[in-house]
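Every chain is numbered from 1, with letters handed out A, B, ... down the list of sequences. Note that these values count all heavy atoms, side chains included, but never hydrogens, waters or copies made by symmetry.
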Amino acid sequence: DAGVIQSPRHEVTEMGQEVTLRCKPISGHNSLFWYRQTMMRGLELLIYFNNNVPIDDSGMPEDRFSAKMPNASFSTLKIQPSEPRDSAVYFCASRPTGEGNSPLHFGNGTRLTVT
Amino acid sequence: GNSVTQMEGPVTLSEEAFLTINCTYTATGYPSLFWYVQYPGEGLQLLLKATKADDKGSNKGFEATYRKETTSFHLEKGSVQVSDSAVYFCALSENFGNEKLTFGTGTRLTIIP
């Protein structure tokens with residue numbers, strides 16, 4: 001089991017550019033989560049999917065952020081246009097759907113720096 | 001709604017000291033409880049869990065007991081090592097329906113030799 005795979009590990013971009021973060025969940029895990037971690041705000045849930053369908057996107061900060069899950073093995077988080085305050089570590093995590101006692105499995109994150 | 005309150009950090013201890021990181025929760029039902037650990041440059045990883053009252057989760061010398069009467073899940077270790085330096089997160093999850101985990105704010109632990 002390769003675990004949750006995120007790419008890229010690091011992204012440095014200029015303000016105004018589009019940024020796309022990618023995630024491959026663990027095979028068989030039908031719930032996928034996107035988190036953002038900063039020193040100021042800690043760990044924030046942005047959005048999560050069950051069976052490729054977005055269930056709760058109330059944590060998405062604004063319209064510049066969008067997330068998709070076109071199939072069970074791939075998800076993207078897009079920021080367009082990016083701003084310096086979007087600088088953070090973005091984590092993807094997955095777990096089996098409907099199993100509340102099963103843990104989340106996290107990827108190693110994408111460290112985003114917007115200059 | 002659900003919430004998790006954990007001990008503010010940072011916490012600094014000497015090697016071989018006893019560790020307690022407090023965690024209390026509020027939940028509408030009977031959730032599962034988790035402790036996650038985050039090492040520098042990595043994602044969170046499960047440290048231990050407990051799924052019902054009076055269960056004790058344990059791993060790598062760490063323990064936590066699910067106390068329904070005090071709504072607590074305190075993390076303990078009898079003798080910490082430098083390699084335990086990390087950020088620790090307490091979390092809860094409802095057992096049915098809602099898929100979300102609710103996390104605490106994290107406690108940074110530093111162990112000095």
CA sep, side-chain torsions, deciding dist, call: L43(A), Y36(B), side chain to side chain contact (heavy atoms under 4.5 Å, CB included): CA-CA 12 Å; L43(A) 196 63; Y36(B) 283 81; over 6 Å; no
Is the number of heavy atoms from other residues, nucleotides or ligands within 6.0 Å of [atom1] ([X]) greater than 12?
X: R9(A); atom1: CZ; result: yes
X: N71(A); atom1: CG; result: yes
X: E16(B); atom1: CD; result: no
X: E69(B); atom1: CD; result: yes
X: E8(B); atom1: CD; result: no

Please output the residues of residues 52-62 of chain A in contact with chain B, using a heavy-atom cutoff of under 4.5 Å, in numerical order. D56(A)
So which bits of residues 105-112 of chain A come within less than 4.5 Å of chain B, counting non-hydrogen atoms only? F106(A), G107(A), N108(A)
Indicate if [X] and [Y] have the same hydrophobic cluster label, given that clusters are the connected sets of ILVMFWY residues with side-chain heavy-atom separations under 4.5 angstrom.
X: V4(B); Y: V37(B); answer: yes
X: L33(B); Y: I21(B); answer: yes
X: L32(A); Y: I79(A); answer: yes
X: I47(A); Y: L45(A); answer: no
X: I5(A); Y: F74(A); answer: no

Rounded at 0.5 Å granularity, tell me how far [atom1] in [X] sits from [atom2] in [Y].
X: Q38(B); Y: F91(A); atom1: CD; atom2: CZ; answer: 4.5 Å
X: L44(B); Y: Q37(A); atom1: CG; atom2: CD; answer: 6.5 Å
X: L101(B); Y: Y35(A); atom1: CG; atom2: OH; answer: 5.5 Å

Measure Q45(B) against the heavy atoms of chain A and call it side chain, backbone, both or neither at under 4.5 Å.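 Neither part, no heavy atoms under 4.5 Å.
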Using heavy-atom distances under 4.5 Å, tell me whether L46(B) contacts chain A through its side chain, its backbone, both, or neither.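 Contact with chain A involves the side chain of L46(B) alone.
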Report yes if some heavy atom in the side chain of L104(A) is under 4.5 Å from a heavy atom in the side chain of F103(B); otherwise report no. yes
Between K49(B) and S102(A) the two heavy atoms that sit nearest each other are NZ-CA, 4.2 Å
Chain B contact via Q6(A) - which portion, at a heavy-atom distance below 4.5 Å: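 For Q6(A), there is no contact with chain B at all, as no heavy atom is under 4.5 Å.
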